[in-house]
Each structure stands twice: as C-alpha cells, then as structure tokens.
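In the text below, chain A, chain B and the rest are named by the order of the sequence lines, each starting its count at 1.
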There are 2 protein chains.
Amino acid sequence: MKKEFLSIKKLIEKNGYKFTIQKRIILEELFNADIHLTAKEIYSKVKNNNIGLATVYRTMNLFTTIGIIKEIHVDGISYYELKMYSKKPLHIHFKCYKCNSIIDVDNSSVEIKYLKLNREIGENEKLQIHDANIMLIGLCDKCSEDKKL
Amino acid sequence: MKKEFLSIKKLIEKNGYKFTIQKRIILEELFNADIHLTAKEIYSKVKNNNIGLATVYRTMNLFTTIGIIKEIHVDGISYYELKMYSKKPLHIHFKCYKCNSIIDVDNSSVEIKYLKLNREIGENEKLQIHDANIMLIGLCDKCSEDKKL
DNA sequence: TTTAATGCAAAGTGTTTGCACTATA
DNA sequence: TATAGTGCAAACACTTTGCATTAAA
C-alpha cells in the first residue's frame, strides 16, 4: 500500500470508520486524477468495480468531514480535490468560461497577500474568517490563444 | 413607477423582452429585500400574486443574462442579488457557518487591493481574469458574541 | 460478532422545459 | 396581431436515504 494511504487509513480508523476496498479504490482515483472531479466522474472511473454512485457520494461526504478532501462548488456542481496534508485556509480556483476547465492557482506569494487582505476584512467588518474560497472567472491561456487565430 | 424601474424597463425592452407585471413584482421584491434571495424565497413572496416558481426561475435567468442581478452559488444553491448599476468585477461574500447568513462585504479599499492581486495572478499564470467571486467563511460578529456567553 | 458500509432503488432537492393559454408591444 | 411570457405539471440533474445484505475490526 502506498505510504500516503497508510496515514489516511489511520485517519479514517481514528474517526471510527472502516477502511473498505471501496474507499481505497476511490482514494486511488483521487490520487491518479490530481484534478477536481465531480461525483459522477469518480463514479464512471470506479463503477466497473461494482461500486455504486451512492457509495461515491457517501465516501466524498465522509472524506470531506474528516478533512481528506475539499469540496468546491462551481455553478452549483460539487467538485472534490485531495487536500493532501496542506490544510491551508485559502483556495484559489480559476474557471475558464470558454473551455470550462478549472485550474488551481497555487502561488504562495499571492496567497500570503490574500491572507493579509482577509485579515484586514475580518478586522474591519468584525468577522472571524476561517476559510476563503476564491473563484476567478475568465479566459485561460489556451482559449485566449485560440481567440487570436 | 419608481425611477430605478424605468431604466430597468428600458434595458429589458432594449433586449427584446417584455416588461410584464410578473417581472415588475419580482423586481420590487428584489429591491425590498436588499439581501441575497433564493428562487424559493422570492417565490414565497410573490406566489400570492399567482406567479409560478417557473416564472421566478425564468425571470432570474433573464435578469442575470442582461445583467440586472448577479447569481452567486453557495453550497450548491443559487442566490440572487441586484447588481444595481455597479457592474464591478469583484464580489466578496461572507458566510457564517453557524447562522448561515450571507453578508456582502462592501469595502472599497479592500476591493482595490483584491483587484490588484487578481491582476498579479493574471500576469503570473497567464490568465485573463474577468470576474472574481470571493467567498469567506467563518463566524459573524453576532455568532461569535453568542459563543462567549 | 458487532457495527459500519455497501448496492440498489426510491425519494428528495433545486432547476428546466413542453405546452396550451395569455398579455404585452 | 405577432410574439414573448405565463402557469402548470412533467421532466431533469444532482444528491440523499431506507433497507436488506455484506464485510471490516
């Protein structure tokens, strides 16, 4: 078993749940995909193992609860992504309105500035900010290239 | 008729649609509410006028298309808010995880900094950013007071 | 051997659509 | 009077749940 799986297995068991074959297979797909997946996309990858859609949803909810994955909502649809071991309170995503692809923006210098800004808002508005989801919308590099043609 | 309605009426008609009684009533509720409303909430306010839920949805979609309102997604549910005449490319919302209320963060000094940061991301990641939705999650002032009791 | 987890189908949400009818420009 | 708009009910897409059965600790 992959060494990442061991710590996740422990986390699942620590919370009183069982590390089933289904959870392992779904976890593998999340690791393989390395991008945001919807429940249906995960289901299409695992259904040949006789895993039902309900199990996918239940597993995603469980994984979200214990913090293995993060759920993001885009246009009313849930996408799931591995949180790995970084539980940073900031998630920046970009959605291309043309090709609909969702890109993770991972840029620590920008992230630090965002966190500072959030602190500023928290103080100004008397809010305790625990988490921040930033959804940027526009044209990705590829689609703006296409536009030029 | 309210003077704000006149310009909206013109906008609707300019786009080839008709300014019906239903649209006027729904618009009035949006003005009265002054907060984010779901389609069901709007429906509950207008159904005594014999307006159907489908009409609410159709109207929200039309209003979103022509830019009268803005649609935001929170936990998979659509909320609608008047955009008024400010079509700013940045929308900061705060959701309290305790009382579930959604607060508009309207702070121009913070907004300018956010816009700068978005420009920075756009340049770094080669993205054309047209719009930004920021969802902050935490405890509102009221709920963090309650916690202290 | 206890208890969480599963697959399936049914039920629940939020939203859209087809259709005959209505009302606006 | 032509055409967008309406209410209703049915359809749709995504998600949850009840239940009898299975499998992990």
What's touching nucleotides 19-23 of chain C from the protein side, N or O pairs under 3.5 Å?
none

Between the protein and nucleotides 11-14 of chain D, are there any N/O to N/O pairs under 3.5 Å, and if so, what are the atom names and distances?
residue, atom, partner, partner atom, Å
D:dC14, OP2, A:Lys40, NZ, 2.9

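The distance between atom CZ of A:Arg24 and atom P of C:dT6, rounded to the nearest whole Å, is 13 Å. Here C:dG7 presents its C1' atom at 14 Å from CG of A:Asn49, a figure rounded to the nearest Å. Here C:dT17 presents its P atom at 14 Å from CG of B:Leu62, a figure rounded to the nearest Å. Counting to the nearest Å, the C1' atom of C:dT16 and the CG atom of B:Leu53 are 10 Å from each other. The separation between B:Lys10 atom NZ and C:dT24 atom P is 20 Å, rounded to whole Å. Atom CD of A:Glu41 is separated from atom P of D:dT15 by 11 Å (rounded to the nearest Å). Nucleotide C:dG14 holds its P atom 14 Å from the CD1 atom of B:Ile42, rounded to whole Å. Between the CZ atom of B:Phe19 and the P atom of D:dT6 there is a distance of 11 Å, given to the nearest Å.
Side-chain N/O atoms of B:Asn61 include one lying less than 4.0 angstrom from OP1 or OP2 on C:dT16. Using a 4.0 Å cut-off, some side-chain N or O of A:Gln22 falls inside it from OP1 or OP2 of C:dG7. Using a 4.0 Å cut-off, some side-chain N or O of A:Asn50 falls inside it from OP1 or OP2 of C:dC8.
If you check every strand for non-hydrogen atoms under 4.0 Å, B:Ile51 touches sugar and phosphate atoms only.
With sequence neighbours left out, the side chain to side chain contact (heavy atoms under 4.5 Å, CB included) criterion links B:Gln22 to B:Thr20, B:Ile51, B:Thr55. Taking B:Glu120 as the reference, A:Lys113 meet the salt bridge (charged side-chain N to carboxylate O under 4.0 Å, His left out) condition, with sequence neighbours excluded. With sequence neighbours left out, A:Tyr114 forms a ring-ring contact (aromatic ring centres under 6.0 Å, His included) with B:Tyr114.
Of all heavy-atom pairs spanning A:Ala132 and A:Asn118, the tightest one is CB-ND2, 3.4 Å. Pairing each heavy atom of B:Glu111 with each of B:Val105, the nearest pair is OE2-O, 3.7 Å. Nearest heavy atoms, B:Phe19 versus B:Glu13: CB-OE2, 3.9 Å. Considering all non-hydrogen atoms of both residues, A:Lys83 and A:Ile69 come closest at CD-O, 3.4 Å. Minimum heavy-atom separation, B:Lys23 to B:Lys18: NZ-O, 2.6 Å.
Hydrophobic cluster membership differs between A:Leu136 and A:Ile112, with clusters built from Ile, Leu, Val, Met, Phe, Trp and Tyr side chains linked at under 4.5 angstrom.
Side-chain atoms of A:Lys95 and B:Asn133 include no donor-acceptor pair closer than 3.5 Å.
Rounded to 10 degrees, the angle between the two end axes of the helix from C:dT1-D:dA25 to C:dA25-D:dT1 is 40°, with five pairs used at each end.
Taking the centre of each ring, B:His93 and B:Tyr79 stay at or above the 6.0 Å mark. Here B:Phe31 and B:Phe5 bring their ring centres to under 6.0 angstrom of each other.
Here the nucleotide nearest the side chain of A:Ala54, chosen from C:dA5, D:dT17, D:dA4, is D:dT17.
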